[in-house]
Protein chains: 2
Amino acid sequence: MAGVSERQPPSGAAVLTGPLPERLLAVATRLFAEKGFEGTSVQEIVAAAGVTKGAMYHYFAAKDDLLYQIYHRLLMMQTGRLEQFADGQGTAEERLRAAAVDVIETSFLHLDELTVFFRSMHLLPKNKRRAIRAQRRRYHERFRSLVEEGQQAGIFRSDVPADIVTHFFFGAVHQVSTWYRAGGPLGAHTVSEYYVGLLLDGLRHTPS
Amino acid sequence: MAGVSERQPPSGAAVLTGPLPERLLAVATRLFAEKGFEGTSVQEIVAAAGVTKGAMYHYFAAKDDLLYQIYHRLLMMQTGRLEQFADGQGTAEERLRAAAVDVIETSFLHLDELTVFFRSMHLLPKNKRRAIRAQRRRYHERFRSLVEEGQQAGIFRSDVPADIVTHFFFGAVHQVSTWYRAGGPLGAHTVSEYYVGLLLDGLRHTPS
DNA sequence: GTGTCGATACCGACTGGACGGTATGCGCTC
DNA sequence: GAGCGCATACCGTCCAGTCGGTATCGACAC
């Protein structure tokens, strides 16, 4: 992956290092995932980050700005990657498979962000919610058009609308944060392959 | 007044009729779905139900009791139906298909309850959360064993664990509340059939 | 059929604390 | 000496839960 640049070095717990805005977002993500957005006070966030409220309100206009930024950044990254895979080489099935595996794997890497967003997006003020919905729409549409491409090429079944397929798959993916626990018996890559296998081939045994 | 009182007539908007506990749950479900659990005050709930806080705390020990009851009742119903389908007649595939269609359709009928629960379950106190998790585990296990049955009969593929299949499918189902809107172009039954078709046969075109 | 008792169903004012957000100040850098 | 990056103190609001009180009703006695 050329265009996808590496982010911060893979240090274990970067809580008291680095630029403050990122530190606050990291701490807030963890706390929101643990105790919920409304169950976490601004005071707790800044205390965990080793600063005070003045610092936070210097960088973020409101508490829900944290929530917005948390998911906005993840979504931007995933959208960029999806578009790279979708616009790449290979058949529609190959590209869809690669994109689907990638979105699951990056989702596993950011389970907290996903958890927090899908629990609390309804708490965002209207304008921010609209902004996120627009970005998600763009993401959804790109995936959907990939499915449609495969349908028109005769690779995918056409009796199920591509829109439904996309909702079906992303629904399953966005819910992994409710059951998957890192450190369990299943690795992220394993689950990704299973999920994509189910998406493409379904559950029924097809004697080849 | 006899002991066995009359049930409420099937009127459309039964908000100010019927037994108070059910009335409060119905009103709370609607408000929680609209404005979130934390964004809805007890005062608003009781006002919408036409009573006062004293009445609510007469029937419910705490605000989160409402949340618990809302999903508890739905889950009990769906579990009962799942077990009926699973223990019924037919091949494993036929029974799984019928059970899967049913769970989606009942989910569409109770979208508000699903929305509220999956947004706010983390706000439940520990004991109630444990209770719900136990019930959901039972539900999950019954579906999983149905998948396993089909795997052992050679009807379903065995290279994907039944546990993963169950998570995959329920994940997709539990997320419908984030995109499906009643009154849209797609009916609940249509979507149910699409989803079950995707679960069983997957996306790939299999020339028969 | 009248009076008493107890229970159920509900009312509504009040409290105590928490929480998001702000106004101001202060040190350090350039 | 100006402005950035934060600290500290404070405010107004809101809200879950409480608690003493009232109304209604059935059961039972006489």
Side-chain angles (χ1 to χ4, degrees), chain A residues 15-29 31-32 34-70 116 119-129, chain B residues 1-8 15-29 31-32 34-70 116 119-129:
Chain A
V15 179
L16 290 173
T17 66
L20 187 51
E22 281 71 22
R23 239 164 75 203
L24 285 167
L25 284 176
V27 167
T29 301
L31 288 175
F32 289 166
E34 274 174 24
K35 320 172 28 167
F37 177 78
E38 344 68 24
T40 306
S41 68
V42 172
Q43 190 56 46
E44 290 175 287
I45 297 170
V46 296
V51 291
T52 63
K53 285 167 80 170
M56 199 211 94
Y57 281 97
H58 181 71
Y59 290 107
F60 299 92
K63 188 188 177 186
D64 47 58
D65 250 27
L66 292 168
L67 185 58
Y68 176 79
Q69 289 292 333
I70 286 170
V116 167
R119 271 182 191 163
S120 307
M121 56 176 159
H122 64 287
L123 299 174
L124 284 175
K126 226 167 198 160
N127 52 342
K128 286 176 191 149
R129 212 163 53 210
Chain B
M1 271 302 149
V4 180
S5 61
E6 56 208 323
R7 316 295 304 230
Q8 58 196 13
V15 180
L16 291 172
T17 66
L20 186 50
E22 281 70 22
R23 238 165 76 203
L24 285 167
L25 284 176
V27 167
T29 300
L31 289 175
F32 289 166
E34 273 174 24
K35 320 173 30 170
F37 177 78
E38 345 67 23
T40 307
S41 69
V42 172
Q43 190 56 48
E44 289 176 286
I45 297 169
V46 296
V51 291
T52 62
K53 285 170 86 170
M56 199 213 95
Y57 281 98
H58 180 71
Y59 291 106
F60 299 93
K63 188 188 177 187
D64 47 59
D65 250 29
L66 292 169
L67 185 56
Y68 175 80
Q69 289 292 334
I70 286 170
V116 167
R119 271 182 191 163
S120 307
M121 57 177 160
H122 63 287
L123 299 174
L124 284 175
K126 226 169 200 162
N127 52 342
K128 284 175 193 149
R129 213 164 52 210

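Every chain is numbered from 1 and lettered A, B, ... according to where its sequence line falls, protein lines coming before strand lines.
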Contact under 4.0 Å: A:His58 side-chain N or O vs D:dC6 OP1/OP2: no
Within this structure, what is the CG-to-C1' distance between B:Leu20 and C:dT8, rounded to whole angstrom?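 My rounded result for the distance is 13 Å.
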Spacing between A:Phe60 atom CZ and D:dG5 atom C1', to the nearest angstrom: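 Taking CZ of A:Phe60 and C1' of D:dG5, I get 14 Å after rounding.
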Quick one: list whatever passes salt bridge (charged side-chain N to carboxylate O under 4.0 Å, His left out) with B:Lys128, sequence neighbours left out.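 B:Lys128 satisfies salt bridge (charged side-chain N to carboxylate O under 4.0 Å, His left out) with B:Asp64, B:Asp65 once adjacent residues are dropped.
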Could you encode protein contacts along nucleotides 19-29 of chain C as a string, one character per nucleotide from 5' to 3', using B for base contact, S for sugar-phosphate-only contact and - for no contact, with a heavy-atom cut-off of under 4.0 Å? SBBB-------
Measure from the side-chain N and O atoms of B:Arg129 to the backbone N and O of B:His122, and report whether any donor-acceptor pair falls under 3.5 Å.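 Checking the backbone N and O of B:His122 against the side chain of B:Arg129, a donor-acceptor pair under 3.5 Å is found.
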Under a 3.5 Å distance rule, please check whether A:Arg23 uses its side chain to pair with a backbone N or O of A:Ala49 as donor and acceptor.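 Yes, the answer is positive, given that a donor and an acceptor are paired below the 3.5 Å cut-off.
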Return the set of residues passing side chain to side chain donor-acceptor pair (under 3.5 Å) with A:Ser41 (not counting sequence neighbours), or none when no residue passes. A:Glu44
Answer yes or no for A:Lys63 and A:Phe37: cation-pi contact, defined as NZ/CZ to six-membered ring centre under 6.0 Å and angle to ring axis within 45°. yes
